[in-house]
Each structure stands twice: as structure tokens, then as C-alpha cells.
Colleague: 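Pasting in a structure now, in C-alpha cells, and then I'll have a few things to ask.
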There are 2 protein chains.
Amino acid sequence: MKDKRVTIDDVAAAAGVSRQTVSRAINDLPGISIATRERILTTAQQLGYRPSGIARGLANAGQRTRTFGVVVPTIDNEFYAAVLHGIKDLTSARDYHVFLVDTNEDPATEYRRIQSLFSLWIDGLIICSSRMEDQQLAEICSQLRPVILLNREFIHPHAGNVLIDDAEGTESAVRHLVECGHKRIGMILGMPVSRSSENRRQGYLRAMHQAGLPVEPGWMLHTGAQLDAAYTAGKPYLQAHPELTALVVYNDVRAAGLLRACAELGIAVPGRLSLASHDNITLASLVTPSLTTVDIPKYEMGRRGAVMMLDMLTDRRLQPETIRLTPRLVERESTATPNAKGAPIQ
Amino acid sequence: MKDKRVTIDDVAAAAGVSRQTVSRAINDLPGISIATRERILTTAQQLGYRPSGIARGLANAGQRTRTFGVVVPTIDNEFYAAVLHGIKDLTSARDYHVFLVDTNEDPATEYRRIQSLFSLWIDGLIICSSRMEDQQLAEICSQLRPVILLNREFIHPHAGNVLIDDAEGTESAVRHLVECGHKRIGMILGMPVSRSSENRRQGYLRAMHQAGLPVEPGWMLHTGAQLDAAYTAGKPYLQAHPELTALVVYNDVRAAGLLRACAELGIAVPGRLSLASHDNITLASLVTPSLTTVDIPKYEMGRRGAVMMLDMLTDRRLQPETIRLTPRLVERESTATPNAKGAPIQ
DNA sequence: ATGAAAGCGCTAACAG
DNA sequence: CTGTTAGCGCTTTCAT
């Protein structure tokens, strides 16, 4: 089926040294003469020797497999693709390998798949927007270090955090709408299990409160993650709430769904309804009207997480940090003064 | 740092049997009484025993780590995210784990990272849109089985193929444009290393030839993978070729870049220029005008690849197949009869 | 039906 | 500086 593997013993025999000396040469450890190292490295090269990560992992009793897991709710959302992109470069450069776990937005799947990953003796774990309970996270952290949480605050001696100030981001969006003159502002939320969604809801409530504006319970609507779900749920919501002149939307994907609903209902955006969303993924600038949105530094979040992970792996004494990234409102076409003249979209 | 691992010996001791018997129980192998199996499984459960995939891999001499690699040019493109999505479900259900490799569209990186992955003794490999030379692919296939190639034809006893008839897809797009009445049709290509791009170019040339239409060399333009790259390269191209009334574009991302260039140049789409692209990713239906595009069954491609992989892993005697999926033109707003009246976009 | 022995390929701990 | 001795946790023989 496949050629016999070249093992460390083969190299040792060929170079006429002990297996151990080869190990020292390969791993650049002290206690070996330069000449010997050179010679061994050359023979290893000639034989096409590749150290087995599997055997290394075993011998190390699970210390260093040079692998770690990355967990995302769904790879199908450009947001997480961008985070992964931020993780990738460093990982590739340092010759680590990444197990990708897609949890389908389901906390139970997340927990199960992570536990299963543990049997592979990963060195660490990056969990993006974890939907699990604190207790489960604690259990996972007790089994592994480091665990880097992106977009989810969790305090644990093994856990690092790269956080977005979600509430502040949403507040800036609401303030923008208020400055435009809006008074009746609704909010489209994400999945109930999403922490970001809850944080953004808090930001919305706080900003509305600070502006002295009322909030009706019916003004808030949870929708599924797909564009179609937002479209489907959004249509009756829009019809039921003609009093609203602006909406803060959980993310761009949902905003795009609402845009479609608005178009079909003849609701002009931003003429009759302003829309401010979050994430600033590619489509935010491509849809018509382009979306005013709170930019989340997705790539940077991934990159910083990967840096922390690799640093902690390189020097096990390093303590995990908490990094806070700041979102920033990007004003585009989907927000304007309320009741401005403007024909319905189609 | 972490609790002592529970090993097979711990379970054996607790259950009062040999390590071997535990192994039989865990792996559901014959040669063990039902009662004993039950008892062992229970104690294993109580102890929280999780078999080490690493040790299993080593003991198996690289046969079954329940791990395989998935290689994509760039996770940042929704196309590949969709493929991954198709791979994910089955993988998760069968409790396999996936190493994700992003090659940055670079053949050398692709080769290097795959070789590096081999040290982890993966069971198989799915390579999406490989940019490597046949010779390198052959080398990789000689080291591993199965290797499933998505969107890249390659014949080898270890290699399965899930293919798209790219040329046919492009031909259907060109035929559509010709039927609209276009005579001078250009093409925006992908990266020169992309096989799809080359196949689509062939389809373009063939369809133009069959329609008896001329093709100028200057009508074809290669652009980078990002939207901005297409926008930047597209602008001077559009200005240099006012004779063109329609464009076949390599993919939706690039078409979106061109759309922006057209908007800035005051070129109405489809009024003065029709655009037909490929892939049918989300943004294709969201941009204005929405894109006529050749739908590629991305999710299905990933899913079929994963099915073949897992089938071959389950039954090692199974021979790899070649599966061909058919693209399908989706007509939207970006194509129309040439020279139809219609004001420039802005 | 169960157990004992050997070894997968490597590194850590100790010798020399 | 280099070699020897033990495993890491598991599965495969081969015994019993």
C-alpha cells in the first residue's frame, strides 16, 4: 500500500550513530557536535526521513503534537472564515496543524466534538464564539492548556481571551441612529445561545435608555443564522411594526435578509427604514443600499488568538492574557434621517 | 497541569481483566463474552476513559488515526467554505477529525504543508482545486490512499475524483450571451495556476468558435483572487475595450469587483455590458444587478468527496471513483440584449 | 474467552 | 559528546 516508512532507527543505522543522537540532531538539542549534526541531517535528508508526529506525541505524553483545534459555530459564515484566515498564516509559518471543528451552532455538538478531539492529544484549543455553558468550558479548560476563547469572555488560569466590546459597538450604532433623528428603533437579534447577540442586545437597551427612548418588547426579534431565516422571520415582523423607523441588526447576513424583505414589501431603505448592522463582511458593501455596519476586526481576532496560542505553547510558563478589540462603526448608505423623502426601493 | 490520563491499563485493573480484553470491548471485536464487555464498558465509562487516538495510530502503524486532511486554496472564498460545509456533516457524524490546510493559492505551500501533514499519519486527503503539478500529485498519491481530488482531474489508483464540467458550464454561459445577441464577448480569467480557470477558458474559446465569433487575445484578462484585484485590473481593461458588449467572468467575486469598476466608469450593467460569471455564491444574488452565473454544486462536491473518502476508509478494498457533477446556468439581471436602452448606472 | 508478549517511532532520564 | 534503558498507550500476534 505504501512504502515502508523511514524511521529514526534507519537514519541512526545509516549515519552510524545511536537513535538518540539522531533525535538530538533533528530537534536541534544541545549535546552534539556540529559535525555529527550536519552528517545526520544530511543522511536524514537523503533517506527522506520525516519524524512521526504521532510517535512524538506519544513519547511526549501528550505535550507536543504540534496540533491544535479551532472550533467555529459554522464555517459557512464569512465572519468565521475571516477569523480562520487570521489564524492560518502564523500556524502555517510555524508548521503547526489545525483541526477544524464546525459545531453547527449547537452547544452539545461543540462539547462532544471537543471531547473527541482530546483523544488526539491536541496541544491547545481556540474556540470561537463558544455556545457552551461556563461549566462545560471550565471542564474543558481543566483538561487542556491553553484554551483561547475568541469572542467569549471566560476567566480561567488556562484560558486566554480575545474579546470584542460588543455592547459598545451596538451603542455606537444606536447613537448614530439617534443622531440621525430616529426615536423608534427595533433590534433583530441572533440565536438565543449567542453571547454576542446578548451583549449587543444589552448595548442596544443601554443606548436607548441613555437617549431617553422607549423600547417595546415586541421590537426585538430573534432569527436564525441564515439569510433566508432572517428574510422569512423579518417579513411579518416588519409588517407588524410600521412604527419603527430604524433597526439595529445583529449581523450583515441578517441585514441582507431584511433588505430583501423590505424590497418585497416596498419599504424604502433608508428612505422609510434605516438599517445598521454588525460585522462588516464583504457583502455589507456590495448590497444595495450598502450597509452601515459595526466593523468587527475578525482577521485580527483570529491572528491575536493564534499568536497567544503559539506563544503559550512555546513558553509554557506564559500566562494567558485578555485582549480587547474595539469595533468601529462604518457609515454607508443604509442609514439616514427618518421620513426623508425617497421612493420605495422597487 | 492536567489530570493524569486514564489509560487502558487503568480500566483493565479496575475491571479485573487484561488490557487486551478491554481493547476487545472498546473496539467491539469478537472473542469476548457479552457480560464481560458490558462490565468493561461500564467501568470505562465511570473512569472517564477515552482511548488515545495517538497511541492507536502508532500501534496501527499509521493505519487508522480517524483523521484526514482537507486542502483548500483559500478559506476566505465562500466557494471553499461551502465545499468544507459539505465535507463536515458526515465527518462529524462518523467521528472523524479534519486537518484544515489553506495554501494561499500557492502550489509550493500546498506541497510543503501536505508533506508536513504526512508526519501526522493522516488516513487520507481531500484536495480541493489543487494547484500542484501532476508529478507532485503522483508523489503524494504514492504515499497515501485514498486521496480525493475535488475539482481537479487526476488519474491514479489511489485517487478519487469529484469533477465539475467547467468547460461545459462556461459554454452554456457563452451560448446564453450569444442568444441574447452578443458578438464581442471578453473573458475575465482567474489565476494562471487555476485549472478551473483554464478549463473555463477552453469552454469560452470553444463556444465562441462554435458560434462563429472571433476572439481577440486582448479580450482575455487574468486577475487575482480578491475582489479588489478584479476591480483594479478590470478598470483599465474595460476602458481599453469599449468594443465588448459582454463578459464571461471566472467567478462571482471577480464579477462583483467588475461591477464596482463599471459603476465608477458609468458603464451600465446590463445596459451597455452584460456580465455572466461562475460559482453562484451568496453575493451573486445580492449585488445589484444580481448576477447571471453558472451554479457550481459546491456543497455537493464536498459531500460526495467525503462520502468516497469515508467509504474507502471503511473498506480498504474499494476502488476510487470518478464522479462528474453538472453545472447549471442561473439567469439573473446582469445579462441582457446588447445595446438595449438603459442609462449608465450612476 | 482471555492473557502475555512484542512492538509501533519517538523522547526523557540516566549512564558513560 | 554519545549511547543505553525505559517507557508513552495501544493493537497485534500468539498462547492458554
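Heavy atoms only: backbone and side chains are in, while hydrogens, waters and symmetry mates are out. Letters A, B, ... are given to chains in the order of the sequence lines, protein chains preceding strands, and every chain is numbered from 1.
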Colleague: Once you round it to whole Å, what is the distance between P of dC10(D) and CZ of Arg56(A)?
Modeller: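 These atoms are roughly 22 Å apart.
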Colleague: Charged N to carboxylate O under 4.0 angstrom, Arg152(B) versus Asp134(B)?
Modeller: yes
Colleague: Considering heavy-atom distances to DNA chain D, does Ile26(B) or Gly16(A) have its closest nucleotide positioned more toward the 5' end?
Modeller: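 Comparing both residues, the 5'-ward one is Gly16(A).
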Colleague: Between Ala55(B) and Ser33(B), who's closer to the 5' end of DNA chain C by nearest nucleotide?
Modeller: Ser33(B)
Colleague: Rounded to whole angstroms, how far apart are CZ on Arg19(A) and P on dA6(D)?
Modeller: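 For the pair Arg19(A) CZ and dA6(D) P, the rounded distance is 13 Å.
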Colleague: Let's see if you can work this out: which of dT2(D), dG9(C), dC10(D) has an atom nearest to the side-chain heavy atoms of Ile8(B)?
Modeller: dC10(D)
Colleague: Please report the closest heavy-atom contact between Asp10(A) and Arg5(A), naming both atoms and the distance.
Modeller: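 So the minimum-distance heavy-atom pair works out to OD2-O, 3.5 Å.
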Colleague: Roughly how many Å is it from CG in Asp9(B) to P in dC8(D), rounded to a whole number?
Modeller: 8 Å
Colleague: Counting the atoms with a prime plus P, OP1 and OP2 as sugar-phosphate, which does Pro30(A) contact under 4.0 Å by heavy atoms, base, sugar-phosphate, or nothing?
Modeller: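 Result for Pro30(A) = nothing.
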Colleague: Could you give the CD-to-P distance, from Gln20(A) to dG7(D), as a whole number of Å?
Modeller: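 Result: 16 Å.
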Colleague: Distance check needed: dC1(D) P versus Leu29(A) CG, whole Å only.
Modeller: 14 Å
Colleague: Rounded to the Å, how far apart are Leu120(A) CG and dC10(D) C1'?
Modeller: 14 Å
Colleague: Can you tell me how far C1' of dA13(C) sits from CG of Asn27(A), to the nearest Å?
Modeller: 16 Å
Colleague: Between Ser196(B) and Ser194(B), do the side chains contain a donor N or O and an acceptor N or O under 3.5 Å apart?
Modeller: no
Colleague: What is the distance, to the nearest angstrom, from the CG atom on Leu58(B) to the P atom on dG7(C)?
Modeller: 14 Å
